[in-house]
Each structure stands twice: as structure tokens, then as C-alpha cells.
K.L.:
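The structure is given below, and queries will be raised subsequently.
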Amino acid sequence: MDQDILRKTSYRDQKEERDFVPPRENEGNEDETRDEVFARLATDENIYNSRGLSHAPKLEETARDRYLQMGCCAQMHSCQWTDSFPGLSAQSDFPVVQVRFKNTHKDFFRLPENEAPESFRTGDIVVVESTNGHDTGVICLQGELVRLQLKKRNLRQDAPEIRKIYRKARQNDVDKWTETIQAEKEMQRRARVLAAQLGLSMKINNVEIQGDHTKAIFYYTADDRVDFRQLIKLYAEEFKLRIEMRQIGARQESGILGGIGACGRELCCVTFLHNFSSVGTHAARVQQVSLNPQKLAGQCSKLKCCLNYEYEVYTDAMKSMPDQKAILKTEKGEARCIKIDPLRRRLTYAYVEIPGSYAELTAEQVFDILERNRNGQVASDLVEMSKESRKPVQPKPEFRQVVGQDDLTRFDKPKENKGRNKGEKRKGGNKSEKKRPAPASLQKPVLKKNHEKQD
């Protein structure tokens, strides 16, 4: 049985916590069913991480505790930095808050009119209005920051797109919400099996069940157009829910799955990147990056989004640089530009007729040479000019021993031969050199013979 296609997480229908499913001893048994293998490979994964919680939600916890949980494990975490300023505190009279659902799914909602805005805090579990029925989420942002976010998205406070919050979640709401979270992974696995049976070229990436357990949203990716009408019928018969299919791109898929980028940090689409702008190879050319698909592509197999971060800086710097296609006329012949560094304002030229001869010039020197060429003059040797343009290397600061600290280079110094003196005979040295007499305390006593005269 191909066990690699099975996910290593399984979830039981419990109200508070899931039990760890230990592996069986007969791992090589081929008679196991697919569900048994799935349960055997189960690990104690935090299924509430997608909602920004480190464990099962409990009403006994404070809103501050849930907010701290979101700060350590939630995707697209919204930092409430205005808490440090009394005038911009989150506990303001602004009646709109932002509610987090699963992964990067967030939306704005209006607080109930019959309750004071101060009674709702960041981290509260609330029941909100949905298209059909109601949903459950966690407040992740409120106060003046929400006002700025609405202004950024050109939304008014009383816009009809902003739905309302019904109330704070009760115990039965939390119990039903927990059951939906626990059923999502098993539903995702079963949905992939049904899609594979129909032979559809699509991938089910994520499943989100509404808080009232009446609707399920299936996120999928596909290269071509997919006819999933028969699939929706199978899903409705299998799960007894209203089904909604949403197609997402490769970048959104990476944001849902998460991962570590080539820079060693978490992916930008997981941490802070909301809007995906188009990335072209022109951004790599301007920044003088090697056009290697393996280095330019991210985990989504698309061009890395970080290529756009410094694109405008390089574009502005290129405006004040000489034309890269211009040819310099010198005494040794023509020279062409082979490399440009707009931030350092330096260009590297190579002679056409002299291979292996390179010269690094500043932008001012290149402008001067081009002006001479327009006037009919020829520049001197570029190699000599590059030596003049090099700045003197500044000496590095040396470490000085202060307050009894040890020298950082103490291990780099060669060890001294303490066991030998300067006059001691060495291997291959002067053999005629006499040995020094041993100390009197180490000399052996000389016994006098009987026939020797005593003094």
C-alpha cells in the first residue's frame, strides 16, 4: 500500500482534546485498511493552529491569553501596536473589528448596537453573520488600526459589505466550533479520495467548515478548467453539507501550507504579504540577478515575491547611471560594459580586442569618457583609470583589551617552546656544544676508595 499519500494526522470527534494514537507494532501488515493506516500514522498535531490558537478554545481563558496565542502561532498575525499609546488604544469607540477564521481568512464585522464597544476585546470568540447561517471566529484587530485598514481598502464604516456580530460565543457555540475543526482534516482526506476516483486533475488544498456546521468550503488548485459538477454531488451525499468550491492560485496555496524560504525565514505569504503583485524577469535583470529558474522560483514554482521589494530602489538608481549599451573609445580600442552596480554607482568594462582585461569605473568617470568621445577625443587606458578610482582601504578597528578581558586572537598566536632554552642542543644543531652540569642536588655521590688518602 502506498502510504506516502496519506497525511500523518488524524482527528477524533471529542469536545476538548484529542488523544494521541500510538503506532502499532505490526507496521508491515498489508491487510490494514486505508483508515487504519491513517489512524496509525497519526501524531499529536495542533489542529487549532489554523485558527490562531495553541490548544482547544475554552471560555475560562481570558481574551488576553488568546491574543498572546495568536502572536506566537497564527498566520498573518495582526500586531496591536497601538496599545502602547493611550490616545490610540484598541479599546476605542470604533464599532468595526476584524475577525480571524481559518489560516489567512479574515474579514471586518460591525459590533452589535445594543452592547458597548468596550465590552469586546482582541481575542474574544464571537458569532458573526454569514451568507447562510452564522460562523464563529476570533477578534484579531480593533480600534484605530481597523479604521486605517478600512481607509486603505476604500471601505466606509457603514458599508453594506460589512456584516454584523451577533454576540460573544457561548459554550454550545464553542463545542460545535471545536467539532467542525476536528472534522476538517478527515473531510479533506476523504475529498481527495473522491476527486481521485473521478479522475479529476485537481488538488484539494484545504477545507473550511462553517461554525454552524451547515456549509463547507473546499479550496483547490488546478492547471486547467475542471468540471466538478459530479464531484459536488458526491460531496453533498458524503458529508451532508452545502458545498462551495473555490479555486486558488499557486501563491495562495503556499500561503495556506506555509514553509521556510531560501532566506531561512518563514514565507512572506504566510507572515505579512496580503496582495500578490505580478513579478517579471525584468525585476531580476534590473537587480543584476542571475536568471536561474531554480534560484528565482519560490516554493510555489513562481518567481519570488521578494524580487519586487527592491525593484523601485534599483529603478531609481538606474536613472542616474550611464547608458549600459554605450561603447567607450580608448587608446587600446573599444570597451563594452559587462556589469553594472547601480547602488555603488560602478560599471565594469572589458576591451573587445583584449580578452581577459577588465576595468571597474565609477559613473562619473564613464560620463567624462563619453563626453570626450563626443568631442572627438580618445580616453587613456581604462585599467589605469580603475586603479585611480579605487578608494583606499580603511584599516579595520583593532580589539583592545579593556577591563581585564582576554585577547580575541590569543589562540592564533604560535605556542612558545617553554621546555627548551635558547642554548639547549637541538636536533641537527652544534654537536660540539657542552652540556650544562646538573644541579648539585641531583648529582650522584662519589664514593672514595680505601687506598685514597684522606685530607
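Position 1 is the first residue of the sequence, and the numbers go up from there.
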K.L.:
Is it true that Arg246 and Glu208 have a side-chain N and a carboxylate O under 4.0 angstrom from each other?
P.N.:
no
K.L.:
Is a donor on one side and an acceptor on the other found under 3.5 Å between the side chain of Asp124 and the backbone of Val126?
P.N.:
no
K.L.:
Hey, could you give me the OG1/CD distance between Thr315 and Gln287, rounded to the nearest 0.5 Å?
P.N.:
8.0 Å
K.L.:
Do the side chains of Arg345 and Glu364 get close enough for a salt bridge, i.e. N-O under 4.0 angstrom?
P.N.:
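Counted as a salt bridge, because a side-chain N and a carboxylate O are separated by less than 4.0 Å.
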K.L.:
Does Arg374 use its side chain to pair, donor to acceptor, with the backbone of Gln377 at less than 3.5 Å?
P.N.:
no
K.L.:
Please give me the minimum heavy-atom distance between Ala169 and Val127, naming the atom from each residue.
P.N.:
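Answer, listing the atom of Ala169 first, then Val127: CA-CG2, 4.0 Å.
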K.L.:
Does a side-chain heavy-atom distance below 4.5 Å link Phe276 with Gln252?
P.N.:
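Side-chain contact under 4.5 Å: yes.
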K.L.:
For Leu382, does its backbone N or O pair with a side-chain atom of Tyr351 as donor and acceptor, under 3.5 Å?
P.N.:
yes
K.L.:
In the structure I gave you, are the side-chain heavy atoms of Lys106 and Leu141 within less than 4.5 Å of one another anywhere?
P.N.:
no
K.L.:
Does NZ in Lys329 sit with more than 12 non-hydrogen atoms of other residues, nucleotides or ligands closer than 6.0 Å?
P.N.:
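No, because the 6.0 Å sphere around NZ of Lys329 holds 12 heavy atoms or fewer from other groups.
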K.L.:
Begin with the C-alpha distance, continue with both residues' side-chain angles, and end with the deciding distance and a verdict on side chain to side chain contact (heavy atoms under 4.5 Å, CB included) for Thr330 and Asp381.
P.N.:
CA-CA 7 Å; Thr330 64; Asp381 188 10; over 6 Å; no
K.L.:
With the side chain counted from C-beta on, respond yes when Val352 and Ile327 share a heavy-atom pair under 4.5 Å apart, and no when they do not.
P.N.:
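No - every pair of side-chain heavy atoms lies 4.5 Å or more apart.
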K.L.:
Looking at Lys58, is its backbone amide N or carbonyl O close enough to the side chain of Arg66 to form a donor-acceptor pair, meaning the two atoms are under 3.5 Å apart?
P.N.:
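Flag set: sc Arg66 to bb Lys58 pair under 3.5 Å.
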K.L.:
Starting at OH of Tyr311, measure out to CG of Asp316 and round the result to the nearest 0.5 Å.
P.N.:
10.0 Å
K.L.:
Would you call the rings of Tyr309 and Phe272 parallel, tilted or perpendicular if under 30° counts as parallel and over 60° as perpendicular?
P.N.:
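Tyr309 vs Phe272 ring planes: tilted.
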K.L.:
Is there a donor-acceptor contact under 3.5 Å linking the side chains of Gln210 and Asp212?
P.N.:
yes
K.L.:
Do Ile256 and Ile248 come close enough that some side-chain heavy atom pair is under 4.5 Å?
P.N.:
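Yes, their side chains come closer than 4.5 Å.
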K.L.:
Check each of Arg51, Arg190, Arg189 against Glu184 using the salt bridge (charged side-chain N to carboxylate O under 4.0 Å, His left out) test, and report the only one that passes.
P.N.:
Arg51
K.L.:
Give a yes or no on whether the backbone of Gly211 and the side-chain of Asp135 come within a donor-acceptor separation of less than 3.5 Å.
P.N.:
yes
K.L.:
With rounding to the nearest 0.5 Å, note down the distance linking CZ in Phe120 to NZ in Lys168.
P.N.:
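The CZ atom of Phe120 sits 6.0 Å away from the NZ atom of Lys168.
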K.L.:
Do Trp177 and Glu179 have side chains that approach each other closer than 4.5 Å (heavy atoms only, starting at C-beta)?
P.N.:
no
K.L.:
Do any N or O atoms from the side chain of Arg100 and from the backbone of Val138 form a donor-acceptor pair under 3.5 angstrom?
P.N.:
no
K.L.:
Just wondering, do Ile217 and Lys215 contact through their side chains at under 4.5 Å, heavy atoms?
P.N.:
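Sidechains of Ile217 and Lys215: in contact.
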K.L.:
Can you establish whether the number of heavy atoms outside Glu61 located under 6.0 Å from its atom CD is more than 12?
P.N.:
yes
K.L.:
Looking only at non-hydrogen atoms, find the nearest pair between Lys304 and Gly298 and report the distance.
P.N.:
CG-N, 3.8 Å
K.L.:
Would you say that more than 12 heavy atoms from the other residues, nucleotides or ligands in this model lie under 6.0 Å from the CZ of Arg336, or not?
P.N.:
no
K.L.:
Measuring from Leu150:CG to Arg156:CZ, what's the distance to the nearest 0.5 Å?
P.N.:
11.0 Å
K.L.:
Considering only NZ, NE, NH1 and NH2 on the basic side and carboxylate oxygens on the acidic side, decide whether Arg229 and Asp227 come within less than 4.0 Å.
P.N.:
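Here Arg229 pairs with Asp227 in a salt bridge, since their nearest N and O are under 4.0 Å apart.
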K.L.:
Between Cys305 and Arg251, is there a side-chain heavy-atom distance shorter than 4.5 Å?
P.N.:
yes
K.L.:
Side chain to side chain contact (heavy atoms under 4.5 Å, CB included) between Leu361 and Ile369: does it pass, once the steps are laid out?
P.N.:
CA-CA 10 Å; Leu361 305 176; Ile369 296 174; 4.0 Å; yes
K.L.:
For Ile209 and Thr180, work out which heavy atoms get closest and say how close.
P.N.:
CD1-O, 3.7 Å
K.L.:
For Ile181 and Ile47, which heavy atoms make the closest approach, and how far apart are they?
P.N.:
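The pair with the smallest heavy-atom distance is CG2-O, 3.6 Å.
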K.L.:
Taking all atoms of both residues into account, what is the closest heavy-atom pair of Val226 and Ser201, and its distance?
P.N.:
CG2-O, 4.0 Å
K.L.:
Pair Ile139, Arg121 - check side chain to side chain contact (heavy atoms under 4.5 Å, CB included), show working.
P.N.:
CA-CA 7 Å; Ile139 298 178; Arg121 295 181 176 273; over 6 Å; no
K.L.:
Do any N or O atoms from the side chain of Tyr235 and from the backbone of Ala191 form a donor-acceptor pair under 3.5 angstrom?
P.N.:
yes
K.L.:
Main chain of Ile260, side chain of Gln299: is a donor-acceptor contact present, judged purely on distance under 3.5 Å?
P.N.:
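Yes, Gln299 side chain to Ile260 backbone: donor-acceptor pair under 3.5 Å.
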K.L.:
What verdict does the side chain to side chain contact (heavy atoms under 4.5 Å, CB included) test give for Thr271 and Arg265, after you've listed the backbone C-alpha separation in whole Å, the side-chain angles of each residue and the deciding distance to 0.1 Å?
P.N.:
CA-CA 10 Å; Thr271 52; Arg265 300 174 62 89; over 6 Å; no
K.L.:
Would you give the length of the straight line joining atom CE of Met321 to atom CG of Leu343, rounded to the nearest 0.5 angstrom?
P.N.:
9.0 Å
K.L.:
Any donor-acceptor pair under 3.5 Å linking the side-chain atoms of Tyr349 with those of Glu334?
P.N.:
no
K.L.:
Just by modelled atom types, is the Ser278 backbone N or O under 3.5 Å from a matching donor or acceptor in the Asn308 side chain?
P.N.:
yes
K.L.:
If you measure from CG on Asp223 to NZ on Lys203, what distance do you get to the nearest 0.5 Å?
P.N.:
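Between atom CG of Asp223 and atom NZ of Lys203 there are 11.0 Å.
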K.L.:
Is Glu161 salt-bridged to Arg153, cutoff N-O under 4.0 Å?
P.N.:
no
K.L.:
Gln324 and Cys337: which non-hydrogen atoms are nearest, and at how many Å?
P.N.:
O-CB, 3.4 Å
K.L.:
May I ask you to test the Val383-Lys332 pair for a side-chain heavy-atom distance under 4.5 Å?
P.N.:
no
K.L.:
Closer than 3.5 angstrom, by distance alone: can the side chain of Arg110 be matched with the main-chain N or O of Ala159 as a donor-acceptor pair?
P.N.:
yes
K.L.:
Less than 6.0 Å separating the ring centroids of Phe228 and Tyr220?
P.N.:
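When the ring centroids of Phe228 and Tyr220 are compared, they turn out to be within the sub-6.0 Å range.
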K.L.:
State whether the number of non-hydrogen atoms from other residues, nucleotides or ligands found under 6.0 Å of Glu353 atom CD is greater than 12.
P.N.:
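No, CD of Glu353 has 12 or fewer neighbouring heavy atoms, counting only those of other groups under 6.0 Å.
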